[in-house]
Amino acid sequence: MTQQVALDTAALDAAALDAADPLASFRDRFLMPDAAHGGPVVAYLDGNSLGRPLAVTAERLAEFTAGPWGNRLIRAWDEQWMAEPVRLGDRLGEIVLGAGLGQTVVADSTSVMIYKLVRGALDAQMAQDPARNEIVIDRENFPTDRFLVEGIAAERGASIRWIEPDPDAGVRPADVEAALSPRTSVVLLSHVAYRSGFMADAAAITDAVHRAGALVVWDLCHSAGSVPVELDAWGADLAVGCTYKYLNGGPGSPAFGYVRRELQDRLAQPIWGWMGAADPFGMTESYTPAAGIRRFITGTPPILAMQPLKAMVELIAEAGMDAVRAKSIRLTEFAAALSDELLAPLGVELASPRDPAERGSHFTLNHPRFREATAVLWERGVIPDFRPPHGLRVGLSPLSTSFAEVRAGIEAVRDALIELA
Ligand SMILES: *Cc1c(COP(=O)(O)O)cnc(C)c1O
């Protein structure tokens with residue numbers, strides 16, 4: 001349904017595309033900086049690293065400060081905050097992740113959540129069969145994912161099996177099948193690759209991992225809020241993701257973690273804190289994990305940092321994930337077509353899948369001068385990001401990006417390259 005998106009790329013007419021965009025008005029719901037705040041931003045092409053704030057964010061934070069925090073004070077823990085990590089997780093699960101109730105929690109940073117889930121999965125597997133001590137991950141995965149796996153392997157005496165995918169694409173089911181064995185305990189993969197934007201076939205890979213008796217952890221950092229995710233339908237075991245990228249939660253907003261219901265009481269997470277215990281205020285002598293998804297919490301939940309995210313989840317609910325995906329495809333198709341016309345003649349190459357069905361909401365372009373070009377662009381209020389060795393990453397956050405903005409951005413890239421030549 002989201003795949004057949006007609007786009008008249010031949011005309012490359014940004015104004016016409018904006019006029020025909022059913023989600024165009026959603027852009028007005030975001031805060032657009034003015035001159036007084038160092039703006040204007042000409043083209044924001046990095047919503048996949050840090051989403052723009054919603055316009056209501058400041059107001060919501062002020063209400064929160066005066067109301068639940070300032071007035072209800074400590075009483076607010078009982079009245080609402082204790083329930084917040086799971087309540088917000090449930091809503092995120094329903095609107096964005098394809099996850100039924102009681103399987104998603106909002107807590108920690110993504111890195112800490114990856115540690116907890118991968119380590120928990122490995123421990124459970126090794127307890128059943130000590131020979132299942134191999135973690136599978138790919139060389140193109142995000143650094144924190146790779147580093148955490150290195151650390152967990154060192155800590156537990158486990159080994160790592162590296163998949164070596166095509167850097168301009170990503171991990172395919174056959175790559176995973178070739179890496180699986182009776183020793184595989186857990187597989188950690190990104191659903192949408194952070195550099196190439198390649199979108200993995202999560203259902204097929206999950207199935208292959210299960211046939212090998214292993215567990216899979218999906219990293220959804222570059223998926224959540226930009227492409228439809230169907231954790232329950234995929235049969236996923238575990239998942240994690242950021243909320244400050246396409247979910248606009250703000251810098252350092254907490255991660256989400258998903259644990260399939262049947263696994264929750266089988267897995268123990270490695271950071272035993274009082275908030276994940278069965279009776280946090282019982283002040284008990286030793287740790288007994290809470291039942292269900294709550295056991296994956298560790299310490300006091302970051303309630304303040306969850307507030308901006310709530311409004312974004314509701315905005316996505318209003319737009320609908322399928323419509324968000326359809327616009328994302330139109331935006332990336334438009335940007336890629338403009339890049340073919342304006343940048344390819346200057347030696348720029350696409351380092352991402354051509355087929356929109358195989359990518360998320362960002363892609364990477366390569367050119368030897370992109371490091372210098374990015375510095376020039378940032379000064380001009382055109383904001384993509386640079387990924388070594390010479391990649392310019394173009395991220396198009398569907399609800400906050402216009403086609404005119406994309407055109408202005410790609411034209412500015414062309415101008416910078418011409419000046420640097
Ligand atoms: C952005 C990102 C992270 C970030 O982890 P933090 O702990 O929030 O810094 C992790 N994994 C992937 C794949 C990412 O894209």
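Just follow the structure's listing: the first ligand is 1, and inside any ligand the first atom is 1.
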Quiz item: Are M113 and ligand 1 in contact, using a heavy-atom cut-off of under 4.0 Å?
Solution: no

Quiz item: Which residue and non-hydrogen atom of the protein lie closest to atom 3 (C) of ligand 1, and at what distance in Å?
Solution: F142 CE2, 3.5 Å

Quiz item: For S111 and ligand 1, does the shortest N/O to N/O distance drop below 3.5 Å?
Solution: yes

Quiz item: Which of the atoms of ligand 1 are close to H222, meaning less than 4.0 Å from one of its heavy atoms?
Solution: 15 (O)

Quiz item: Within the distance-only criterion (no hydrogens, no angle test), does the side chain of Q307 pair as donor or acceptor with the backbone N or O of I303 below 3.5 angstrom?
Solution: yes

Exercise. Within a distance under 4.0 Å of any heavy atom of S190, pick out the atoms of ligand 1 and give their elements.
Key: 13 (C)

Self-check item: Close-contact set for ligand 1 against Y244 heavy atoms, below 4.0 Å
Solution: 1 (C), 4 (C), 5 (O), 6 (P), 8 (O), 9 (O)

Quiz item: Taking R146 for the side chain and D138 for the main chain, is one N or O donor matched with an acceptor at less than 3.5 Å?
Solution: no

Quiz item: Near C242, which atoms of ligand 1 are under 4.0 Å from a heavy atom of that residue?
Solution: 1 (C), 2 (C), 3 (C), 4 (C)

Practice problem: Starting from atom 14 (C) of ligand 1, find the nearest protein heavy-atom neighbour and note its residue, name and distance. | Solution: K245 NZ, 2.9 Å

Self-check item: Member of S328, S397, S226, S223 meeting the side chain to side chain donor-acceptor pair (under 3.5 Å) criterion with S361
Solution: S328

Quiz item: Numbering the atoms of ligand 1 from 1, which are under 4.0 Å from a heavy atom of D145?
Solution: 10 (C), 11 (N), 12 (C), 13 (C)

Exercise. Around atom 5 (O) of ligand 1, find the nearest protein heavy atom and jot down its residue, atom name and distance.
Key: T110 CB, 3.4 Å

